[in-house]
Amino acid sequence: MNSIIFAYRKLHENTRMVLTAIIGALLGLITYEIIYFLNPIVPKASSSWFIASTVNIARQHGLHRWLTFHSYKTKYWESLIRAYIMYSGSLFFGVGLNWLLTEVMFVNHRIAWVCCLIITALISFLFLKRYVFKTI
């Protein structure tokens with residue numbers, strides 16, 4: 001396992017960032033599906049998106065810290081707080097978009113999840129390295 005991690009960390013940073021995002025998206029879909037299945041809150045898709053995203057921010061931060069930005073000297077809690085700040089805008093935008101897609105336009109909740117994921121991924125790609133894992 002250590003040799004796989006070592007080889008992964010030798011990849012170009014942008015490659016690691018995209019691969020880690022894909023790993024996180026797959027884990028995020030599993031998290032969302034579990035929450036959606038168990039969630040009694042209406043609107044179900046939008047509230048599940050919010051709950052899952054809140055959990056996924058911490059997990060994705062950990063993955064990027066371990067796999068993508070392992071050599072950066074940022075303090076864990078500082079970068080985690082910055083991650084929640086960075087994602088908060090996309091989190092609330094995602095909830096609104098999810099609600100619009102599922103409750104108004106009657107789009108399947110999984111398709112809405114993918115649409116919201118694309119938005120948050122774009123925001124993440126633009127700000128993750130510059131803001132969350134920057135050294136101060």
Side-chain angles (χ1 to χ4, degrees):
M1 183 68 159
N2 284 339
S3 61
I4 294 171
I5 300 300
F6 182 76
Y8 191 93
R9 289 178 173 173
K10 288 289 188 186
L11 296 172
H12 187 272
E13 185 177 271
N14 287 339
T15 304
R16 288 192 319 264
M17 193 170 176
V18 170
L19 289 175
T20 303
I22 291 169
I23 293 166
L26 293 173
L27 293 171
L29 178 59
I30 293 167
T31 303
Y32 171 78
E33 288 291 340
I34 291 168
I35 290 170
Y36 185 86
F37 179 76
L38 298 172
N39 186 5
I41 303 169
V42 176
K44 188 170 187 167
S46 301
S47 60
S48 297
W49 166 263
F50 180 81
I51 295 165
S53 295
T54 303
V55 171
N56 291 338
I57 290 169
R59 192 219 44 260
Q60 195 64 20
H61 169 266
L63 283 173
H64 276 299
R65 184 173 180 82
W66 181 48
L67 297 172
T68 308
F69 303 110
H70 60 277
S71 63
Y72 287 48
K73 303 298 181 212
T74 57
K75 294 180 180 174
Y76 176 82
W77 290 107
E78 288 177 9
S79 62
L80 180 60
I81 289 168
R82 289 195 300 258
Y84 272 98
I85 291 169
M86 180 195 75
Y87 283 112
S88 64
S90 61
L91 176 68
F92 288 105
F93 180 80
V95 169
L97 177 61
N98 189 285
W99 179 84
L100 178 70
L101 292 172
T102 58
E103 298 296 318
V104 177
M105 299 174 73
F106 305 107
V107 172
N108 178 278
H109 71 96
R110 289 181 185 100
I111 294 171
W113 181 88
V114 170
C115 293
C116 295
L117 175 70
I118 290 168
I119 298 294
T120 57
L122 291 172
I123 292 169
S124 174
F125 187 76
L126 292 173
F127 295 106
L128 191 63
K129 179 179 175 181
R130 292 184 195 126
Y131 180 70
V132 174
F133 290 101
K134 71 177 183 173
T135 52
I136 299 175

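When reading the values below, keep in mind they use all heavy atoms of this one structure, side chains included, and skip hydrogens, waters and symmetry mates.
- Each of Leu117, Thr31, Leu29, Ile35 was scored for a side chain to side chain contact (heavy atoms under 4.5 Å, CB included) with Asn56, with one residue passing: Thr31.
- Of all heavy-atom pairs between Lys44 and Asn39, the closest is CE-O, 3.3 Å.
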Exercise. I would like to know whether Tyr36 and Arg110 meet side-chain contact (heavy atoms from CB on, under 4.5 Å); could you show each step before the answer?
Key: CA-CA 10 Å; Tyr36 185 86; Arg110 289 181 185 100; 5.9 Å; no
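- Using modelled atom types, one finds a donor on one side chain and an acceptor on the other under 3.5 Å when comparing Ser124 with Tyr87.
- Linking Ile, Leu, Val, Met, Phe, Trp and Tyr whenever their side-chain heavy atoms come within less than 4.5 Å puts Leu128 and Leu80 in one cluster.
- Closest non-hydrogen pair, Trp99 versus Pro43, comes out as CD1-CG, 3.9 Å.
- Both Met105 and Phe93 belong to a single network of hydrophobic side chains, linked directly or stepwise wherever heavy atoms of I, L, V, M, F, W or Y lie under 4.5 Å apart.
- Tyr76 OH: more than 12 foreign heavy atoms inside a 6.0 Å radius.
- Put simply, CZ on Phe133 and CE on Met86 are 8.5 Å apart, with the number rounded to the nearest 0.5 Å.
- Under a hydrophobic-cluster definition in which Ile, Leu, Val, Met, Phe, Trp and Tyr are linked whenever side-chain heavy atoms come within less than 4.5 Å, directly or via other members, Leu122 and Phe92 are assigned to the same cluster.
- Between Thr102 and Ser46, the shortest heavy-atom contact is OG1-OG, 4.0 Å.
- Taking Ile, Leu, Val, Met, Phe, Trp and Tyr as members and joining any whose side-chain heavy atoms lie under 4.5 Å apart, directly or through other members, the hydrophobic cluster of Leu19 also contains Ile5, Tyr8, Leu11, Ile23, Leu27, Leu63, Trp66, Leu67.
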Self-check item: Steps toward side-chain contact (heavy atoms from CB on, under 4.5 Å) verdict (His64, Arg16)
Solution: CA-CA 9 Å; His64 276 299; Arg16 288 192 319 264; over 6 Å; no
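- Here the CE atom belonging to Met17 is positioned 11.5 Å from the NE2 atom belonging to His12, to the nearest 0.5 angstrom.
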Quiz item: Can Cys115 and Leu101 be said to form a side-chain contact (heavy atoms from CB on, under 4.5 Å), step by step?
Solution: CA-CA 9 Å; Cys115 293; Leu101 292 172; 3.8 Å; yes
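- Without hydrogens or angle criteria, Arg59 side chain to Val55 main chain gives no donor-acceptor distance under 3.5 Å.
- Under a 3.5 Å cut-off, the side chain of Ser53 and the backbone N or O of Phe50 do not form any donor-acceptor pair.
- Ala112 and Val107 get closest at one heavy-atom pair: N-CG1, 4.0 Å.
- Between the side chain of Gln60 and the main chain of Ala83, no donor-acceptor pair closer than 3.5 Å is present.
- Between Ser48 and Tyr32, the closest heavy-atom pair is CB-CE1, 3.6 Å.
- You'll find the ring centres of Phe127 and Tyr131 outside the 6.0 Å limit.
- Between Asn98 atom CG and Leu91 atom CG the span is 11.0 Å, to the nearest 0.5 Å.
- Counting only N and O atoms by type, the side chains of Thr74 and Arg65 include a donor and acceptor under 3.5 Å apart.
- Across Cys116 and Gly94, no two heavy atoms sit closer than the pair SG-O, 3.3 Å.
- The other members of the hydrophobic cluster of Leu38, by chain and number, are Ile30, Ile34, Phe37 (side-chain heavy atoms under 4.5 Å, ILVMFWY only).
- Aromatic ring centres of Tyr84 and His61 lie farther apart than the 6.0 Å criterion allows.
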